[in-house]
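Being a predicted model, the structure only gives us computed values, none of them experimental.
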Amino acid sequence: MLTLAPEQILLGQRAASKGEAIALLAGRLEAAGLVESGYLAGMQAREAQHATYLGNGIAIPHGTTDTRHLVRQTGVQVAQFPDGVEWDDGQKAYLVIAIAAKSDEHLGILRQLTHVLGDEAAALQLRATTDVEDIIRVLSGQGGGTEPGFETLQRFPASGLDELRLGAAARAKSAGWLDSATLATLLDDVPMHLGQGLWLARTRAAQAGWLLATPEQAFESAGSAVNALLLLCANGSGHEVQLTRLVELAGAGRLGELAQGGLALLRGEVAQAAESDGHNATFTIVNPHGLHARPGAMLVKVAKEYEADIRVANLDGSGEEVNAKSLMKVIGLGVKCGHRLAFRASGSDADAALKGLGEAIAAGLGEGVAA
């Protein structure tokens with residue numbers, strides 16, 4: 001989980017250009033001991049390859065893979081520019097988050113940021129606040145309305161409910177939702193059978209999230225089937241929309257669909273998919289470092305070349321379906337090398353869109369790698 005301290009945040013800054021803003025933050029990364037001298041050149045090279053503007057007034061400059069050896073420790077530095085900095089195609093960045101990551105840790109940071117910053121109201125708060133604690137609270141996912149994270153643990157080799165719960169808890173901990181103390185509390189609790197083979201475990205957590213764990217083979221516990229375990233990590237009120245939907249699904253006798261179909265149903269997205277007569281295709285990501293900002297932006301760029309409505313889900317992640325034309329949503333899928341992306345397109349050029357996306361993914365999305 002992204003953690004911040006007041007000394008990592010600068011408020012009320014001004015910069016005449018994004019180059020000046022990046023240099024400021026590169027100096028902060030170096031002064032904090034996160035990177036060695038020369039990392040600025042990597043950040044500039046990354047920006048020359050593709051602008052790191054995410055949307056909602058947020059930019060995330062970071063180095064190239066060639067400069068990872070200059071990273072001593074994964075971390076971030078944040079600067080607020082209330083008047084904005086011209087970043088890309090007339091877009092202004094008001095909050096700039098410089099990232100230093102030793103390996104694929106940046107994907108986790110990006111994913112957490114996109115879940116938090118997908119809220120336009122939160123982005124406006126970050127732009128206007130004069131309190132460092134507001135920045136920490138929003139970026140750390142501590143705000144009451146922060147959108148929860150979503151994870152899946154598929155075909156986990158468990159022969160009992162305790163083993164499945166332990167696997168789910170470990171995945172939630174690796175996602176940064178739980179600390180060791182909370183983990184112990186969760187394991188002392190007894191999951192509740194909701195019906196139709198779906199069980200629910202709950203705990204308070206550092207970050208809100210829903211995790212669906214399915215066993216490799218279904219089994220029984222206390223005389224009831226165990227097809228899936230749903231873990232709710234609660235923080236504030238961000239999980240309440242899905243909790244209400246869970247109650248509705250239970251009342252409609254559809255919990256079995258949730259156990260089989262994944263978290264998209266909990267998010268209210270499956271009905272839309274079922275009603276669509278769209279075209280479908282699945283492609284495997286070959287980029288060694290997954291869909292970080294540059295290849296993610298290239299995928300979105302290709303998708304925007306077509307009129308079709310294009311949705312995409314990470315079959316090896318949460319399974320949630322998002323708009324393939326939104327960089328923030330695509331990066332939020334947390335796609336790593338080898339993950340499978342399922343696309344669904346509808347519209348007059350849907351077939352052409354899927355073909356174009358497949359070719360771009362096979363070619364490495366601008367990173368010079370190929371399947």
Is the shortest side-chain heavy-atom distance between [X] and [Y] below 4.5 Å?
X      : Y      : value
Trp87  : Glu47  : yes
Val78  : Leu10  : no
Arg311 : Asn323 : yes
Tyr53  : Val85  : no
Val96  : Leu24  : no
Phe156 : Arg171 : no

- Query: Which residues satisfy the side-chain contact (heavy atoms from CB on, under 4.5 Å) test with Ala303, sequence neighbours excluded?
  - Reply: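 Counting only residues at least two positions away or on another chain, Ala303 forms a side-chain contact (heavy atoms from CB on, under 4.5 Å) with Ile310, Ala324, Lys325, Leu357.
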
- Task: With sequence neighbours left out, write down each residue that passes side-chain contact (heavy atoms from CB on, under 4.5 Å) with Val132, or none if nothing qualifies.
- Result: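 side-chain contact (heavy atoms from CB on, under 4.5 Å) list for Val132, sorted by chain: Pro6, Ile9, Leu11, Ile136.
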
- ring pair (Phe, Tyr, Trp, His ring centres under 6.0 Å) partners of Trp199, counting only residues at least two apart: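 Ring pair (Phe, Tyr, Trp, His ring centres under 6.0 Å) list for Trp199, sorted by chain: His193.
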
- Query: Should side-chain heavy atoms under 4.5 Å link Ile, Leu, Val, Met, Phe, Trp and Tyr, which residues sit in the same cluster as Val190?
  - Reply: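 Other cluster members: none.
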
- Hydrophobic cluster mates of Val247, side-chain heavy atoms under 4.5 angstrom, ILVMFWY only, any path?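 Other cluster members: none.
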
Under a single-linkage definition using a 4.5 Å side-chain heavy-atom cutoff for Ile, Leu, Val, Met, Phe, Trp and Tyr, are [X] and [Y] assigned to the same hydrophobic cluster?
X      : Y      : value
Leu95  : Leu4   : yes
Leu263 : Leu200 : yes
Ile22  : Ile97  : no
Val302 : Ile361 : yes
Leu164 : Leu178 : yes

How long is the gap from [atom1] on [X] to [atom2] on [Y], to the nearest 0.5 Å?
X      : Y      : atom1 : atom2 : result
Leu153 : Leu212 : CG    : CG    : 9.0 Å
Lys102 : Leu70  : NZ    : CG    : 10.5 Å
Glu367 : Leu365 : CD    : CG    : 7.5 Å
Leu198 : Met192 : CG    : CE    : 11.5 Å
Leu249 : Leu194 : CG    : CG    : 10.5 Å
Thr152 : Leu230 : OG1   : CG    : 12.0 Å

Non-hydrogen atoms of [X] and [Y] that approach each other most closely:
X      : Y      : value
Cys337 : Val286 : SG-O, 3.8 Å
Phe81  : Ala15  : CE2-CB, 3.7 Å
Ala259 : Thr214 : O-CG2, 4.0 Å
Gly290 : Ile285 : CA-CG2, 4.4 Å
Ala158 : Pro215 : O-CB, 4.3 Å
Ala297 : Leu327 : N-CD1, 3.5 Å

Check for a donor-acceptor pair, side chain of [X] on one end and backbone N or O of [Y] on the other, with a separation under 3.5 Å.
X      : Y      : result
Gln8   : Val76  : yes
Asp349 : Glu307 : yes
Gln80  : Leu126 : yes

- Query: Between Lys304 and Val300, is a side chain to side chain contact (heavy atoms under 4.5 Å, CB included) present by the stated rule, with each step listed?
  - Reply: CA-CA 6 Å; Lys304 286 182 176 179; Val300 170; 3.7 Å; yes

- Decide yes or no on side chain to side chain contact (heavy atoms under 4.5 Å, CB included) for Leu341 and Leu299, but give the supporting numbers first. CA-CA 11 Å; Leu341 293 186; Leu299 187 150; 4.0 Å; yes

- Let me see the working for Arg245 and Gln242 under side chain to side chain donor-acceptor pair (under 3.5 Å), right down to the final yes or no. CA-CA 5 Å; Arg245 193 168 291 135; Gln242 293 79 31; over 6 Å; no

- Would you check, one step at a time, whether the test side chain to side chain contact (heavy atoms under 4.5 Å, CB included) holds for Val312 with Leu333? CA-CA 9 Å; Val312 59; Leu333 294 176; 4.0 Å; yes

- Check against side chain to side chain contact (heavy atoms under 4.5 Å, CB included), Leu231 and Trp177: CA-CA 11 Å; Leu231 172 60; Trp177 301 351; 5.8 Å; no

- Among pairs that include at least one residue of residues 320-347, which meet ring-ring contact (aromatic ring centres under 6.0 Å, His included), considering only residues two or more places apart or in two chains?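 Residue pairs passing ring-ring contact (aromatic ring centres under 6.0 Å, His included), neighbours aside: Phe283-Phe343.
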
Set of salt bridge (charged side-chain N to carboxylate O under 4.0 Å, His left out) partners for [X], sequence neighbours left out:
X      : value
Glu86  : none
Asp351 : none
Arg14  : Asp83
Arg340 : Asp316

Determine all donor-acceptor pairs shorter than 3.5 Å in which one atom belongs to a side chain in residues 27-34; sequence neighbours excluded.
from, atom 1, to, atom 2, distance (Å)
Arg28, NE, Gln77, OE1, 3.3
Arg28, NH2, Glu7, O, 2.7
Arg28, NH2, Gln77, OE1, 3.4

Quick one: side chains of residues 35-43, donor-acceptor pairs under 3.5 Å with protein atoms, not counting sequence neighbours, listed by atom name and distance.
from, atom 1, to, atom 2, distance (Å)
Tyr39, OH, Gly63, N, 2.9
Tyr39, OH, Ile99, O, 2.9

